[in-house]
Amino acid sequence: MLHPRARTMLLLAIPALIIGVASSLVLIVVMKVASVLQAMLWTALPTKLGVSTDSPAWIIVMLTLTGIAVGLVIRFSPGHAGPDPAQEPLIGAPVPPSALPGLLIALIIGLAGGVSLGPEHPIMAVNIGLAVFLGSRILPRVGALDWTILASAGTIGALFGTPVAAALIFSQTLSSNNDVPLWDKLFAPLMAAAAGALTTSLFFHPHFSLSFPHYGQMQIADIFSGAIVVAIAIALGMVAVWCLPRLHRLMHKLKHPVLVLGAGGLILGILGAIGGTVTLFKGLDEMQQLAFSQVFSVSDYLLFAAIKLGALVVAAACGFRGGRIFPAVFVGVALGLMLHEHVDAVPAAITVSCSILGLVLVVTRDAWLSLFMAAVVVPDSTLFPLLCIVMLPAWLLLAGKPMMMAWRNDK
């Protein structure tokens, strides 16, 4: 009763569902373990020792020890806990299974210890590695690229709690032809992304959205304001793009990963002591503090944005296992709130969403993902036409510019 095209799509439906659920479960377990460890390190332990978690000394000690611990894991783990995320795209080649345990341990320690990186890159690498390793043995006729696509789609759905981001990303990477329509190719990845998103929603809901006053009808002046905000965000992000490969090369002159990451942890601790605990960790919970607090000034928001961006560059350059999207969103929120406080005639919904769009675009060079993150953090449908318009000059500004990655020959 089904057309051969439909039967072909259904062949991968069950593997896609399994991979989507498994991708979400890996993420959930890692986040739960990291959360428990974070509570022990940043709540139970300082309380027992009679130390304030906000004290500069505690922040510096914790980040330095976190760097040393991650360095030891990378030094002694098989495969050195996977590739250096600073030299890899979000979706990369499969990592050997022997390197995955070390990668997970390094990620959990970094997340719990306060490193300014998100979980997206290591989780993606782990899920792709497992899917390719197991899938090629269970269904050897399915190629490694297909397993990679399903695992990355399931992971994206799990990370953001919705399959929309996966649909947007893969709509531009899975090119169609006259024989195979695009939605035939998207069927299995969307199945995996939906399964990952639904599984994540059963256990916790990612806190991306912020509450701002409703944005009314779009005005011509808002387009110019949004374009200026995006340009400022891109300019700030490009400073980080310039710094990352140079700092990566400088830090890796120390050669030994314990020295590199220990020194990086010390620098992160100093930055955290200056910016406070709100500038630590991956940034999603912390950006909620920024949005709902009424005590921060223009200079505070500017300090938070600068410190978080600096911590992101340092953490990535030193080789901490983590992703750059989540902390970039925090920087966008802090920058947007600063610009709104500085020129309150421009609505916060515009400054925050456009700042996020610019920063995420610099970090990922993915227009769909940048639009998605801006629309998710500021969930106001009347903003979407404005975001689509200001994306155009933003894309022009970044055309041909270097990516936020370290050079392969840094070491």
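Everything quoted here is computed from the prediction, not taken from an experiment.
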Output for pair (L303 CG, I274 CD1), nearest 0.5 Å, gives 7.5 Å

Between the main-chain N or O of T53 and the side-chain N or O of T277, is there a donor-acceptor pair closer than 3.5 Å?
no

Quickly, which of L150, I149, I91 forms a side chain to side chain contact (heavy atoms under 4.5 Å, CB included) with I128? Name it, please.
I91

Value for CG (L371) from CG (L383), rounded to nearest 0.5 Å, stands at 11.5 Å

Just how far is it from atom CG of L359 to atom CE of M404, taken to the nearest 0.5 Å?
9.0 Å

side-chain contact (heavy atoms from CB on, under 4.5 Å) between K255 and V260, intermediate numbers included
CA-CA 7 Å; K255 303 295 183 183; V260 175; over 6 Å; no

Any sub-3.5 Å donor-acceptor pair from K282's side-chain atoms to L117's backbone N or O?
no

Is K401 reaching over with its side chain to a backbone N or O of V241, donor-acceptor style, under 3.5 angstrom?
no

Heavy-atom closest pair (P94 atom, T148 atom, distance to 0.1 Å) is CG-OG1, 4.2 Å

Would you indicate whether the side-chain heavy atoms of V95 and P83 approach each other to under 4.5 Å?
yes

For M403, does the CE atom sit with more than 12 other heavy atoms under 6.0 Å from it, leaving out its own atoms?
yes

Okay, side chain of R324, backbone of V313: is any donor-acceptor separation there less than 3.5 Å?
no

Are V333 and S355 packed together at the side-chain level, in the sense that at least one heavy-atom pair is separated by less than 4.5 angstrom?
no

Interatomic distance, I59 atom CD1 to W42 atom CH2 [nearest 0.5 angstrom]:
5.5 Å

Taking the side chain from E286 and the backbone from G283, do they hold a donor-acceptor pair closer than 3.5 Å?
yes

I'd like to check D300 versus M338 (side-chain heavy atoms, cut-off strictly below 4.5 Å). Are they in contact?
no

Do the side chains of V126 and L103 get nearer than 4.5 Å, heavy atoms only?
yes

Heavy-atom side-chain proximity of F320 to V314 below 4.5 angstrom:
no

In short, F281 meets G113 closest at the heavy-atom pair CE2-C, 4.3 Å

Shortest non-hydrogen pair, P97 vs P101, comes out as O-CD, 3.4 Å

With side chains defined as the heavy atoms from C-beta onward, is the minimum distance between M391 and S370 less than 4.5 Å?
yes

Can you check whether M40 reaches L45 side chain to side chain, under 4.5 Å on heavy atoms?
no

Determine whether a donor-acceptor pair (N or O, by modelled atom type, separation under 3.5 Å) exists between the side chain of H340 and the backbone of V346.
yes

Run S136 and V142 through side-chain contact (heavy atoms from CB on, under 4.5 Å) and show every step you take.
CA-CA 7 Å; S136 62; V142 180; over 6 Å; no

Kindly determine whether L27 and T155 satisfy side-chain contact (heavy atoms from CB on, under 4.5 Å), including the steps that lead there.
CA-CA 8 Å; L27 172 66; T155 303; over 6 Å; no

Looking only at non-hydrogen atoms, find the nearest pair between A112 and A34 and report the distance.
CB-O, 3.5 Å

Surrounding CG of L392 (heavy atoms of other residues, nucleotides or ligands, distance under 6.0 Å), is the total greater than 12?
yes

Check whether any side-chain heavy atom of M405 lies under 4.5 Å from a side-chain heavy atom of P89, and answer yes or no.
yes

Closer than 3.5 angstrom, by distance alone: can the side chain of H256 be matched with the main-chain N or O of V258 as a donor-acceptor pair?
yes

L361/W395 under side-chain contact (heavy atoms from CB on, under 4.5 Å): CA gap, chis, key distance, verdict
CA-CA 8 Å; L361 190 62; W395 192 258; 3.7 Å; yes

So does I220 have more than 12 non-hydrogen atoms from other groups sitting under 6.0 Å from CD1?
no

So, does T351 use its side chain to make a donor-acceptor pair with the main chain of G336 at under 3.5 Å?
yes

Going from CD1 on I156 to CD on E120, what distance comes out if it is rounded to the nearest 0.5 angstrom?
10.5 Å

Locate the shortest heavy-atom distance separating A188 from A16; write the atom from each residue and the value.
O-CB, 3.4 Å

Aromatic ring proximity F296/F304, centre distance under 6.0 Å
yes

Under 3.5 Å, side chain of R365 to main-chain N/O of V363, donor-acceptor pair present?
no

Between S24 (side chain) and V21 (backbone), is there a donor-acceptor pair under 3.5 Å?
no

Compute the ring centroids of W368 and F170, then answer whether they are less than 6.0 Å apart.
no

Just checking, any donor-acceptor pair under 3.5 angstrom between side chains of D222 and S225?
no

List the atom of M191, the atom of A13, and the distance in Å for their closest heavy-atom pair.
CG-O, 3.9 Å

Nearest-0.5 Å distance that lies between atom CG in L72 and atom CD1 in I105:
12.0 Å

Mind telling me whether F208 and F160 have parallel, tilted or perpendicular rings, with 30° and 60° as the class edges?
tilted

